[in-house]
Visitor: 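Supplied in structure tokens, the structure appears directly below.
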Amino acid sequence: MKRVTPLLTLLSGAVTAAVLFTMSAQASPPATQPAAETGPPTAAAPPPTDAEAPVDEADAEAPVDEEQPDPAGTRPAQTSPPTAPDSSSAGTEAALVEQNWIGELENGATIAITVKGGKAEAYVCDGRSMELWLSGTVKDGKIELTGQDAKLTGIIRGDSASGEMIIGVRRWKFTARPDDKAVDEAVAKSGTGTAPAIYRATDEVRKAGIDGGWIMLPDGTQIGIVTWNGKPIPAPPLDPAFYSTIVNGVTITAEPVIPGAR
């Protein structure tokens, strides 16, 4: 029995050591888990200043030109918006067209065209037996007039008007130039900006069976025809003070021909 007792004591000691080792292993944390940081959090580093900003190696190696081109010079030219047409120039063109135009036909007859407000009146006569009244429009310089069995077309360019007059199967070309003379009394009477170039017997005279037409030429002379009882005769000149004349003892009064007035 004395020999067994030491063995039992040794065995119980070994068991006790094994139990303590097992408990110690379970109590200690795994060696692979890092220890938690207990220190205060560190502040974020401030952004680098211009002096400390990192320099790109490509930028650092690239040569610096002494004179940099102006970026504005390389931009495409800006296109300005279209400008509205100048109304003053349009008014000037209208003023150049809206006046008196006096000229001749190929057959030697005299023609006068008066233009106002886009409308026009014309009188053609040879001072002996041939006469014709026409009316119509002048738009964008294009003349389009009609009369009894007649048609007149033409165009105004600058200080010249030209075209053709057709009566039946006969055709005559014409040319005319502006008549820029102005007489205050005549202008006031006609209401136009220039002195009237065409006069015609008044309605009262025409109701009596007498008609007459006159063209005031730039040199101060007149040409016209009076139709008396259906027969054309050369017209005596009008008295510029009263715009009247006497034919066969009868006083004939005339008035300016204004486009659009009749």
Side-chain angles (χ1 to χ4, degrees), residues 92-183 186-187 190 192-201 211-227 231-238 243 254-262:
T92 302
E93 293 297 328
L96 291 176
V97 171
E98 297 191 353
Q99 55 181 314
N100 301 321
W101 300 84
I102 300 176
E104 289 186 353
L105 274 72
E106 289 178 321
N107 63 357
T110 301
I111 180 173
I113 304 172
T114 298
V115 184
K116 181 181 180 182
K119 297 182 179 181
E121 298 284 343
Y123 179 55
V124 179
C125 79
D126 62 1
R128 297 184 302 274
S129 60
M130 181 263 192
E131 71 170 350
L132 185 66
W133 295 94
L134 305 102
S135 61
T137 61
V138 175
K139 184 177 181 181
D140 297 330
K142 295 181 180 180
I143 307 170
E144 294 184 356
L145 309 178
T146 57
Q148 184 176 0
D149 300 325
K151 181 179 181 181
L152 186 146
T153 58
I155 189 168
I156 298 175
R157 288 193 182 97
D159 61 351
S160 176
S162 60
E164 184 179 54
M165 187 179 74
I166 303 173
I167 302 177
V169 296
R170 294 175 295 177
R171 296 170 177 262
W172 297 281
K173 292 183 179 179
F174 75 89
T175 57
R177 299 184 65 84
D179 172 31
D180 55 1
K181 71 179 185 297
V183 179
V187 170
S190 66
T192 63
T194 58
I198 306 172
Y199 282 80
R200 189 172 187 177
D211 199 356
W214 291 263
I215 297 176
M216 305 298 170
L217 299 175
D219 61 1
T221 61
Q222 305 175 23
I223 185 172
I225 289 179
V226 170
T227 302
K231 181 180 178 181
I233 60 175
L238 294 173
Y243 296 100
E255 59 187 0
V257 175
I258 308 301
R262 62 189 179 118

Visitor: Can you list the residues that meet the side chain to side chain contact (heavy atoms under 4.5 Å, CB included) rule with Arg170, with sequence neighbours excluded?
Guide: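 Scan of Arg170 (side chain to side chain contact (heavy atoms under 4.5 Å, CB included), adjacent residues dropped) gives Ile167, Trp172.
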Visitor: Which heavy atom of Ala235 sits nearest to which heavy atom of Gly213, and what is that distance?
Guide: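 So the two residues come closest at CB-O, 4.4 Å.
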Visitor: For Thr227, give me all partners under side-chain hydrogen bond (donor to acceptor under 3.5 Å, both in side chains), at least two apart in sequence or on another chain.
Guide: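 Partners of Thr227 by the side-chain hydrogen bond (donor to acceptor under 3.5 Å, both in side chains) criterion, ordered by chain and then number, come out as Glu131.
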Visitor: Hey, what do you get for CG (Leu134) to CG (Leu152), rounding to the nearest 0.5 Å?
Guide: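 If I round to the nearest 0.5 Å, the distance is 6.0 Å.
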Visitor: Hey, what do you get for CD (Glu164) to NZ (Lys173), rounding to the nearest 0.5 Å?
Guide: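 It is 7.0 Å, given to the nearest 0.5 Å.
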Visitor: Could you measure the distance from the CG atom of Leu145 to the OG1 atom of Thr137? Nearest 0.5 Å is fine.
Guide: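 Answer for the CG-OG1 pair, Leu145 versus Thr137, is 7.0 Å.
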Visitor: Side-chain contact, heavy-atom cut-off 4.5 Å: Ile225 with Asp126?
Guide: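 Yes, at least one pair of side-chain atoms sits under 4.5 Å.
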Visitor: Can you check whether Ile215 reaches Tyr123 side chain to side chain, under 4.5 Å on heavy atoms?
Guide: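 They are in contact (side-chain heavy atoms under 4.5 Å apart), so the answer is yes.
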Visitor: Return the OG1 to CD1 distance between Thr110 and Ile223, rounded to the nearest 0.5 Å.
Guide: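 CD1 of Ile223 is found 4.0 Å from OG1 of Thr110.
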Visitor: Indicate yes or no: at least one non-hydrogen side-chain atom of Met216 is less than 4.5 angstrom from one of Ile102.
Guide: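 No, side chains not in contact.
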Visitor: Is there a side-chain contact between Pro236 and Val226 (heavy atoms, below 4.5 Å)?
Guide: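 A side-chain contact exists here, since the closest heavy-atom pair is under 4.5 Å.
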Visitor: Does the pair Met130 and Asn107 meet the rule for a side chain to side chain contact (heavy atoms under 4.5 Å, CB included), with working shown?
Guide: CA-CA 11 Å; Met130 181 263 192; Asn107 63 357; 4.3 Å; yes
Visitor: Does the Lys NZ or Arg CZ of Arg200 fall within the cation-pi geometry relative to Trp133 - under 6.0 Å from the ring centre and within 45° of the axis?
Guide: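 Pair Arg200/Trp133 counts as cation-pi.
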Visitor: Before you tell me yes or no, could you show the steps for Val257 and Tyr199 under side chain to side chain contact (heavy atoms under 4.5 Å, CB included), namely the whole-Å CA-CA distance, both residues' side-chain angles and the distance that decides it to 0.1 Å?
Guide: CA-CA 5 Å; Val257 175; Tyr199 282 80; 5.7 Å; no
Visitor: What residue pairs, at least two apart or across chains, pass side-chain hydrogen bond (donor to acceptor under 3.5 Å, both in side chains) with a residue in residues 151-163?
Guide: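 As it turns out, the side-chain hydrogen bond (donor to acceptor under 3.5 Å, both in side chains) pairs with a partner in residues 151-163, which skip direct neighbours, are Asp159-Arg177.
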Visitor: Is the shortest side-chain heavy-atom distance between Trp101 and Val115 below 4.5 Å?
Guide: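 Yes, their side chains come closer than 4.5 Å.
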Visitor: So which heavy atom on Ser129 is nearest to which on Pro232, and how close?
Guide: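 For Ser129 versus Pro232, the nearest heavy atoms are O-CG, 3.7 Å.
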Visitor: Would you call Val124 and Met165 a side-chain contact if the rule is heavy atoms closer than 4.5 Å?
Guide: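 A side-chain contact under 4.5 Å exists here.
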Visitor: Please report the C-alpha distance between Glu98 and Lys116 in whole Å, then the side-chain angles of each, then the deciding distance to 0.1 Å, and finally whether the salt bridge (charged side-chain N to carboxylate O under 4.0 Å, His left out) criterion is met.
Guide: CA-CA 5 Å; Glu98 297 191 353; Lys116 181 181 180 182; over 6 Å; no
Visitor: First locate atom CD of Gln99, then atom CD1 of Ile156, and finally report the distance between them rounded to the nearest 0.5 Å.
Guide: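 Reported value, rounded in 0.5 Å steps: 8.0 Å.
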Visitor: Kindly indicate whether the side chain of Val138, heavy atoms from C-beta on, has any atom under 4.5 Å from the side chain of Val97.
Guide: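 Sidechains of Val97 and Val138: in contact.
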Visitor: How long is the straight-line distance from CG of Leu238 back to OH of Tyr243, given to the nearest 0.5 Å?
Guide: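 Those atoms lie 9.0 Å apart.
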